[in-house]
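Keep in mind that this is a model prediction, so the values were computed, not measured. Positions are given from 1 along the sequence.
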Amino acid sequence: MEKEAHMLMAEKPVSTNAEPLRLDTILGLLSEPAMADHIHDVGHHGVVEYIDLGGDDIRRHRLRVTTDQGTDCAISLPRNQHLQNGAVLLAEKNRAIVVRMLAREWLRVEPKDAAAALELGYFAGNMHWPVRFESGLLLVELQGPQRRYLDRLDFMVTAGQIRILEAAA
């Protein structure tokens with residue numbers, strides 16, 4: 001077990017000067033038992049820092065962020081690695097940095113009929129909006145102010161083709 005914990009630890013020392021802490025690989029995920037145990041242990045006798053990321057930033061490979069404890073970080077991941085909730089970017093004996101995905105907000109849209117649903121889906125696709133489907137509704141992930149989405153959908157609301165329901169988390 002001690003060997004496993006050693007393998008989880010970052011090989012680079014943490015920068016203490018004004019330069020950002022460089023994080024260039026995902027060491028593991030909190031969903032992996034060995035990593036979860038290590039991060040749990042760090043939490044008892046050290047510091048677990050979190051990087052909170054929204055929908056746009058979670059898809060990026062290179063970004064500059066600040067942890068919840070104020071550590072300036074420069075993330076630069078290879079193209080074959082993708083940030084996700086629970087990604088561990090630093091795992092030392094007394095310190096860890098973990099990605100935490102912010103809750104997404106969704107606009108719930110109800111089409112009047114199958115024709116309206118088809119037009120709504122076509123429109124949302126042309127806008128490159130991330131969507132999901134739930135019980136006959138189209139949920140559009142809000143990646144900006146809700147008003148911007150409502151303005152874009154107004155022509156369908158005015159025509160009676162769709163109805164906007166409350167936003168969902």
Peer 1: Could you give me the CA-CA distance, side-chain angles and deciding distance for Leu53 and Met101, then say whether side chain to side chain contact (heavy atoms under 4.5 Å, CB included) is met?
Peer 2: CA-CA 5 Å; Leu53 297 177; Met101 190 167 171; 5.9 Å; no
Peer 1: Do Gln84 and Val99 come within less than 4.5 Å of each other through their side chains, counting heavy atoms only?
Peer 2: no
Peer 1: How long is the span from the CD atom in Glu110 to the CD1 atom in Ile162, to the nearest 0.5 Å?
Peer 2: 10.0 Å
Peer 1: Locate the shortest heavy-atom distance separating Leu83 from Arg60; write the atom from each residue and the value.
Peer 2: CD1-O, 3.7 Å
Peer 1: Which heavy atom of Pro130 sits nearest to which heavy atom of Arg59, and what is that distance?
Peer 2: CG-NH2, 3.7 Å
Peer 1: Among Leu89, Asp72, Ile97, exactly one meets side-chain contact (heavy atoms from CB on, under 4.5 Å) together with Leu21. Which residue is that?
Peer 2: Ile97
Peer 1: Once you round to the nearest 0.5 Å, how far does CZ of Arg148 lie from CE of Met127?
Peer 2: 8.5 Å
Peer 1: For a 4.5 angstrom cut-off between non-hydrogen side-chain atoms, does Gln81 reach His61?
Peer 2: no
Peer 1: Drop me the distance from Asn85's CG to Leu102's CG, to the nearest 0.5 angstrom.
Peer 2: 9.5 Å
Peer 1: Give me the ring orientation class for Tyr149 and Trp129: parallel if the planes are under 30° apart, tilted from 30 to 60°, perpendicular past 60°.
Peer 2: tilted
Peer 1: Considering non-hydrogen atoms only, spot the tightest contact between Val47 and Gln69 and give its length.
Peer 2: CG1-CG, 4.2 Å
Peer 1: Which is it for Asp41 and His38 under the side chain to side chain contact (heavy atoms under 4.5 Å, CB included) test, yes or no, and what are the steps along the way?
Peer 2: CA-CA 5 Å; Asp41 292 343; His38 178 72; 5.5 Å; no
Peer 1: Looking at every non-hydrogen atom in both residues, tell me the closest pair between Ala96 and Ile39 and how far apart they are.
Peer 2: CB-CD1, 3.4 Å
Peer 1: If I take atom CG from residue Asp154 and atom CZ from residue Arg147, how far apart are they, to the nearest 0.5 angstrom?
Peer 2: 8.0 Å
Peer 1: Take Leu120 and Leu153 through the side chain to side chain contact (heavy atoms under 4.5 Å, CB included) test and state the conclusion after the steps.
Peer 2: CA-CA 9 Å; Leu120 175 61; Leu153 292 169; 3.8 Å; yes
Peer 1: Indicate yes or no: at least one non-hydrogen side-chain atom of Thr71 is less than 4.5 angstrom from one of Arg95.
Peer 2: yes
Peer 1: Counting distance only, does the side-chain N/O of Glu49 pair as donor-acceptor with the main-chain N or O of Thr67 below 3.5 Å?
Peer 2: no
Peer 1: When you group the ILVMFWY residues by side-chain heavy-atom contacts below 4.5 Å and let the links chain together, are Ile164 and Tyr122 in the same group?
Peer 2: no
Peer 1: Nearest 0.5 Å please: distance from the CG atom of Leu142 over to the CH2 atom of Trp106.
Peer 2: 9.0 Å
Peer 1: Step through the shown structure and confirm whether more than 12 heavy atoms of other residues, nucleotides or ligands are within 6.0 Å of CZ on Arg163.
Peer 2: no
Peer 1: Which heavy-atom pair separates Ala36 from Leu30 by the least distance, and what is that distance?
Peer 2: CB-O, 3.2 Å
Peer 1: Atom CZ of Arg132 and atom CG of Leu138: how far apart are they, to the nearest 0.5 Å?
Peer 2: 10.5 Å
Peer 1: Which atom pair, heavy atoms only, marks the closest approach of Leu29 to Ala87?
Peer 2: CD2-CA, 3.7 Å
Peer 1: Would you sort out whether Val109 and Met156 count as a side chain to side chain contact (heavy atoms under 4.5 Å, CB included), showing the intermediate values?
Peer 2: CA-CA 11 Å; Val109 184; Met156 293 187 79; over 6 Å; no
